[in-house]
Amino acid sequence: MSRVAVDWRTSATLVGTVLKALTVPLAGTAAVAAWYGEAVVPFLVPLIGSLVAGVALERFDRRDLGLRESYLMVALTWLTIALVGAVPFVLAGHGVLAEPVNAMFESMSGVTTTGATVIDSFDAHGRSIHLWRSVLQWMGGLGILVLAVAVLSQISVGGAQLMETETQTQDLTKLTPRIEETARLLGLLYVGLTALMVCSWLALRVAGVAPNVTLYQAVAHAFTAVSTAGFSPEPASLGAFSPAIQWVTIPFMFLGATNFILLYFLLRGDPSRLTGSDEFRFYAAIVLGLTALTGTFLVVDGQFSRVEPLVRHALFQVVSIVTTTGYATVDFDLWSAGAKHVLFLAMFVGGMAGSTTCSIKTLRWLVVVKSLRRDLFTEIHPEAIRPVRLSGQVVDEETIKDIYGYVLLSLVLFALLTVFVVVDATRTVTRVGEFDAMGAAAATFLNIGPAFGAAGPYGSYLHFPDTTKVAMIVLMWVGRIEIIPVLVLLTPAYWRS
Amino acid sequence: MIIVGAGQVGSSIAASLAAEHDVVVIDTDPARVDELTYSHDVLPIQGDGTDLETLEEAGIADADMLIASTDSDETNIVTCGVSAIVGNPFTIARVKQPQYLHAWEQRRGAFDVDFMVCTDLLAAKSIVGVIGLPTAQDVDMFADGLVQMTEFEIPAESPVAGQTVAEADRFDSLTFAGIFRDGEVLVPRGETVIEAEDDVIAIGSPESMRAFSTAVAPQEDAATDVVIVGGGEIGYQVARLLEEGGYKPRLFERDEDRARWLAENLPDTTVLNGDATDQELLERESVGDADVLVSALDNDQKNLLSTLIAKRMGTGRTVAVVNTGDFTELFEAVGVDVAVSPREATAEEITRFTRARRAENVAIIEGDRAEVIELEIDADSALAGRPIRESMADLPGGIVIGAITRGDSLIKPRGDTVIERGDHVVLFTDVDVLSEVTEKL
């Protein structure tokens, strides 16, 4: 008799714990619904359901979490939250979200901090439903932060172990010897950044430069900016707000995609770790470089006649895409091919490892760039031995191989999804062009949010066939948890001893 | 006087001390012990220096000094520690690994070692000093690097040749301490004319040394492209010190694992995994264009070979490490620009120490015709508390005060400079008056 080598019960108990924790945001959103006089039942049903399921799952024996159990736990957690998260949308029964596939798309897009929406008519949904979308994203951001620090860096997924050398976590472990403690500190920092953003929005309101900002708007956006996720209750996204609000939101997206451990050291009065980090400089340089490039295209196209809007819109869009947030201040789908293609390329960059960002991430690109440069050098000097260094630390060759593998895998999955989107669309009456398909594939798989064409920043993913939406749901999930934990589950070796 | 370890360093110290002192040599190898008995007037004991009984047999209780110079760093350190249990000798330990020296420098006197000398680091520092100054033959540091002594050979085409000392002395905090001409030591006066082929001893700040080096040979640019051959401890230390000085050297190492280790530990060095006697490789890496090539292999023949190949290919200057002390002059005779012998240097350093025990630091010049010594001035010194002009009258001729350091600052000595207690004085002295000088100061 073949035995399953994975102690799935241990993974299941942890999912149970997560389900129990889910009752808190559900209860909070239910309270808001009650406050606005909207239906409470859509939140109370999943609340009771996850409480019961959570308690039941926790009754399994829990042993130490091993490598295999970690993979399973990570994959199951995101899937479970997305499933529970879809329930309020279906039960509320408003508009397109009443359909299960759409609800699941919206929920998965939320919990993976993607920000792609199927909503065509924003007014059809109550404030509590819009808040729930933001809450899902905020939880997803917190989850990925804890995951990145506590789990991914331990199981070395596609070079994620590098984050440890890059941030010199050995100092951090000296500071907080337990990993839970580290995760708790970073969680606090995340909460603090969110609170700061709420305050700064309200401050602008008080100062009179943000007339349409309410506490509701401030909270809903703070939840989706710091988590670099991008849902907005407004159909025009950040375009619905004043330039001051747009400016003040840029740093929060930027910080959300900055390594939180380095931010933590910054707060402790040690900025040198952040400024001395090769990855941070690379990340900042890419943001500035792409902004300059986008700005140049906009100047050539004569999109804006004044400097301030030009700089603001170019910077905002680039930061939004690179950090994988997905807000928009203008419908950049109307921009010329040059600017649009820059944004398309920006989708593949991602922010820093150890943050809430998605996509491939600057850490991996930096290692790829450095190792390519090294390979060109050794091409001319075959005897030279030149280790790849990140902030002075040597990156071992095995890790470099992992990173190349990860980048290749990402691009292959992106290409497969693109082809699927195009082919699946021709099967039905909809017609999707190649560039729009590439944009939609990248924006979902890399967890960005808005793409181009019908799925542009002021559009929605509603028009894609259900089969395409399901494929996107799966790939948002796969992409968010760094691909490998899901792919590993598909190998026979994983399940055998 | 007890010497533990009769290898090359131990034997040569024993030889130079035997005439004036009662020397006991301890070694575990009976053959070496036998050999020493016949060649030198020393008392040899076969045994282990870390063994208290052996040390007691050697008379540790009454010994003035113990020199531990076996090939094992740990043995040397332990030997010093054990000797301090029953006796109170001045202990000197020789180490190969700089880490022990760094630890000891944190607290001098640690491990009951009164003086520690690191062979490979000594050699590496001397090589790096020579690389930095194109016309330097010898470089030594004093007062924790604040003061540098350099021996310059004046080339015939040098603008300095034919100038008087007063004309050449245009630099802050630089003193001309001595001139060697045809084997004679001259004490430079303002009107002394510097001639081609003279060896000039200058004492002062490292910056003034670089400035004077440029004045001596303005056509020679400071070396920028340095190639190191052999990534042993000396090669590694040379590369590390060069990196500290802002150089980006190239380093050839044959062993792949070692080369990888070097590459990981030397971020600014290009490490090449290959044999430096492979002419094709040297051509491909255009070693001929290098300003300086340092050969620091374990094997003297290979050091000679690689420096000669480099010289033929057009490398500016070549520096070779000589592992067998006797070959230094031979190397320089066949075309190696500077030959550095780590063991000879270590033996010298220890021997000097036995001679001028009060000195903080000593450099021996031109085959022991003169010395540069660093002294801390106490109340009894003839120099303490009065202007140099006055105290010089009480001292024999043939000495020149090169530099004074007070705290972290360097003072250029003048006739009216008053030396205070606690100052460090770096002075040049003819060996003929050495014992008289050390007694009075």
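Below, chains carry the letters A, B, ... as their sequence lines are ordered, and counting in each starts from 1. Excluded from the calculations below are hydrogen atoms, water molecules and symmetry mates; all remaining heavy atoms, backbone and side chain alike, are included.
The residue from D278(B), D275(B), L272(B) that alone fulfils the side chain to side chain contact (heavy atoms under 4.5 Å, CB included) condition with E383(A) is L272(B).
Atom NZ of K125(B) has 12 or fewer heavy atoms from other residues, nucleotides or ligands within 6.0 Å. More than 12 heavy atoms of other residues, nucleotides or ligands lie within 6.0 Å of CD in Q99(B), so this atom counts as buried by the packing criterion. By the 6.0 Å contact criterion, CD on E256(B) is open, its count of non-hydrogen atoms from other residues, nucleotides or ligands being 12 or less. Few gaps surround CG on D255(B); more than 12 heavy atoms of other groups in view lie less than 6.0 Å from it. E244(B) CD: more than 12 foreign heavy atoms inside a 6.0 Å radius.
Looking at L266(B), the atoms closer than 4.5 Å to chain A (heavy atoms on both sides) all sit in the backbone: N, CA, C or O. In this structure, the portions of E264(B) lying under 4.5 Å from any heavy atom of chain A include both its backbone and its side chain.
Annotation for A259(B) and I385(A): closest pair CB-CD1, 3.4 Å, computed over non-hydrogen atoms.
Put simply, the side chain of H381(A) does not reach to within 4.5 Å of the side chain of T270(B), judged on heavy atoms.
Side chain of R284(B) to backbone of I380(A): no donor-acceptor contact under 3.5 angstrom is found.
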